[in-house]
Amino acid sequence: MPETQQVEDRPAAGPPPANSVDRFFKISARGSTVGREVRGGFATFFTMAYILVLNPIILGSAEDKFGDRLDSVQLVTATALVAAVMTIIMGVGGNLPLALAAGLGLNAVVAFQIAPLMSWDDAMGLIVLEGLLICVLVVTGLREAVMYAIPQPLKQAISVGIGLFIAFIGFVDAGFVSRIPDAANTTVPVQLGATGALTGWPILVFCVGVLLTIGLLARKVKGAILISIVTMTAVAIVVNEIADVKSWGLTTPQVPDDVVASPDFGLLGDFSLFGAFGEVSVITVVLLVFTLILSDFFDTMGTVVGVSAEAGLLDEDGKVPNLGRVLLIDGAAAVAGGASSASSATSYIESAAGVGEGARTGFANLVTGGLFACALFLTPLLTIVPMQAAAPALVAVGFLMMTQVKYIDWDKYEIAIPAFLTIAVMPFTYSITNGIGAGFVSYVLIKTVLGRAKEVHWLLWGTSVLFLIYFAIDPIEQLLNVK
């Protein structure tokens with residue numbers, strides 16, 4: 001953004017502060033009002049409240065190494081609690097209209113990449129480690145080094161790949177796509193529906209939900225994802241009452257006996273900080289944590305800068321106010337998410353909806369966080385949503401993340417090939433880590449082949465070596481006679 005544009009976009013100085021709250025949050029100084037902040041807080045909540053449904057479904061649908069699942073009621077409580085507390089802390093400590101909650105993409109890494117290798121306690125311990133390392137990166141100033149080490153197109157490719165991965169999860173979990181059993185003696189790994197055709201009422205609910213979601217997105221309706229989830233849940237409840245549905249999967253849509261219930265904090269503190277080291281190799285642990293950092297760290301940077309720019313809060317040099325404090329709180333949110341078994345919490349780009357309603361300060365976060373706190377007592381309503389009603393949101397989020405593909409220069413093979421491998425390997429191997437590894441290794445290889453190895457940052461060299469060991473761990477163990 002040009003410097004002149006940054007200056008023009010910043011809100012003009014308002015009248016003197018009316019009271020201590022105004023003075024603390026700089027509401028008038030940023031050209032806002034309490035009314036605008038309240039409206040912005042509500043707008044942000046309703047555009048990101050879908051995470052209260054999706055996070056429990058994604059985490060609750062996966063099994064760990066020992067076949068255990070997380071309780072959906074406890075997941076709703078953990079998700080709402082972390083979002084409420086960290087959003088309020090960001091408002092008070094960072095004074096930005098930037099809400100936080102469990103990150104989509106990050107929860108997919110935990111559910112489908114990490115949990116199958118270890119227990120849930122160990123997996124959440126890695127989330128805590130990731131958050132602590134991000135805090136260290138911020139405090140020591142290594143944030144810039146990590147930022148500059150990875151080419152921007154590769155960062156964008158990672159986001160795109162995660163988007164496709166999330167969409168694929170949505171299609172599979174809704175039953176729109178299913179795996180063909182090996183006994184079928186076919187080379188086709190997946191198929192449409194369970195039998196090669198779409199059958200059953202739940203699939204119809206999913207298909208209608210996808211059409212509704214994309215229609216709302218095309219019309220740029222605020223809260224499109226949440227509206228779709230609520231509408232299709234209502235439709236699913238009606239269908240379940242009048243039709244003969246054999247199974248909806250993990251969640252059957254039924255009108256709950258109670259709307260309000262006491263929150264269940266049973267998952268809080270269920271994490272093992274170093275337990276993962278006893279389940280998988282050190283190399284695997286390092287790469288898993290590195291994957292979490294990549295998914296969280298760069299997405300946060302883009303979100304923070306994007307929301308601040310939209311609010312006109314960047315200074316003459318294009319810097320975000322209180323950036324160090326903001327990033328430190330975001331890292332602490334990852335720690336809180338892991339310690340609560342809600343997966344890593346991160347800043348939400350949906351905060352831009354609140355900015356669009358006039359929010360310019362952290363006061364809006366008090367409203368958003370307060371609404372998440374109210375959701376702690378609405379667990380019965382949040383646990384009746386079937387996957388078929390929620391999965392369209394995963395497809396929609398996949399699309400939104402996919403849009404970053406336009407920033408990749410596909411005419412430059414030195415970056416286009418690594419970007420392609422990053423994007424393709426993630427959904428095809430059902431692993432975000434594998435996609436990042438394929439992209440990094442191929443990027444270093446191509447730069448070396450072109451005689452431009454010096455252009456590769458030393459951090460990228462070191463990471464690529466780790467990924468090579470990761471990919472070749474089996475023959476290495478055989479050579480060293482390690483079991």
Side-chain angles (χ1 to χ4, degrees), residues 51-72 74-79 81-83 86 100-134 158-159 161-163 165-166 168-170 172-173 250 267-277 279-280 284-297 299-300 330-331 333-346 348 390 394 397 401 426-427 429-436:
I51 194 61
L52 293 172
V53 174
L54 290 187
N55 195 50
I57 285 180
I58 291 174
L59 292 177
S61 65
E63 294 183 351
D64 67 7
K65 179 181 179 180
F66 306 100
D68 296 325
R69 294 180 184 270
L70 297 178
D71 181 79
S72 60
Q74 294 176 340
L75 282 171
V76 170
T77 297
T79 302
L81 178 65
V82 172
M86 297 313 304
L100 300 93
L104 276 174
L106 289 165
N107 52 12
V109 175
V110 177
F112 305 106
Q113 177 77 30
I114 300 178
L117 301 176
M118 58 193 71
S119 70
W120 282 112
D121 289 358
D122 297 337
M124 293 304 169
L126 289 187
I127 296 293
V128 175
L129 281 176
E130 172 243 334
L132 291 174
L133 286 174
I134 287 180
I158 291 170
S159 179
I162 292 175
F165 183 48
I166 289 175
F168 188 46
I169 291 171
V172 171
D173 288 353
L250 294 175
L267 288 177
L268 269 64
D270 284 355
F271 72 95
S272 174
L273 195 58
F274 301 108
F277 291 92
E279 298 293 340
V280 295
T284 300
V285 170
V286 170
L287 290 174
L288 288 174
V289 172
F290 185 71
T291 297
L292 290 168
I293 289 177
L294 282 180
S295 301
D296 190 352
F297 195 81
D299 182 63
T300 294
D330 191 88
V335 175
S340 305
S341 294
S343 181
S344 182
T346 187
Y348 261 59
L394 297 180
V397 171
M401 298 181 74
M426 284 188 193
T429 65
Y430 223 64
S431 167
I432 293 172
T433 302
N434 291 346
I436 295 175

When rounded to the nearest 0.5 angstrom, what distance separates CG in Asp71 from CG in Leu59?
12.0 Å
So which atom in Gly131 and which in Ala334 form the shortest heavy-atom distance, rounded to 0.1 Å?
CA-CB, 3.6 Å
Does any part of the side chain of Thr77, heavy atoms only, come nearer than 4.5 Å to the side chain of Leu267, both counted from C-beta?
no
Would you indicate whether the side-chain heavy atoms of Ser344 and Leu292 approach each other to under 4.5 Å?
no
If we ignore hydrogens and angles and just use 3.5 Å, is the side chain of Asp68 paired with the main-chain N or O of Ser119 as donor and acceptor?
no
State whether a side-chain donor-acceptor pair under 3.5 Å links Thr291 with Gln113.
no
Under a 3.5 Å cutoff, is there a donor and acceptor pairing between the side chains of Asp270 and Ser341?
no
Spatial distance of atom CH2 (Trp120) from atom CD1 (Ile114) [nearest 0.5 Å]
9.5 Å
To the nearest 0.5 Å, tell me how far Asp330 CG sits from Met86 CE.
8.0 Å
Sequence neighbours left out, what passes side-chain contact (heavy atoms from CB on, under 4.5 Å) with Ser272? Give chain and number order.
Asp121, Asp122
If you take all heavy atoms of Gly161 and Pro427, which pair is closest and at what distance?
O-CD, 4.3 Å
Point-to-point distance, once rounded to the nearest 0.5 Å, from CD of Glu63 to CZ of Arg69
4.0 Å
Looking at every non-hydrogen atom in both residues, tell me the closest pair between Ala102 and Ala342 and how far apart they are.
CB-O, 3.4 Å
With heavy-atom distances below 4.5 Å as the criterion, would you say the side chains of Met124 and Val110 are in contact?
yes
On a heavy-atom basis, which atom in Thr346 and which in Gly103 lie closest, and how many Å separate them?
CG2-CA, 3.8 Å
Applying side-chain contact (heavy atoms from CB on, under 4.5 Å) between Thr284 and each of Val286, Leu287, Val280, report the one that passes.
Val280
For the residue pair Leu268 and Gln74, establish whether any side-chain heavy-atom pair is separated by less than 4.5 Å.
no
Give me the atom names and distance for the closest heavy-atom approach of Ala78 to Ser340.
CB-O, 3.2 Å
For the atom pair CG (Asn55) and CG (Leu75), what is the distance rounded to the nearest 0.5 Å?
7.0 Å
Under the 3.5 angstrom rule, does the side chain of Ser61 hit a backbone N or O of Ile58 as a donor-acceptor pair?
yes
Quick one, Asn107 and Leu54 - any side-chain contact, counting heavy atoms below 4.5 Å?
no
State, yes or no, whether a side-chain contact exists between Phe271 and Ile127 at a heavy-atom distance under 4.5 Å.
no
Nearest heavy-atom contact between Leu104 and Tyr348 is N-OH, 4.1 Å
Check: Asp64 and Glu279 side chains under 4.5 Å, non-hydrogen atoms:
no
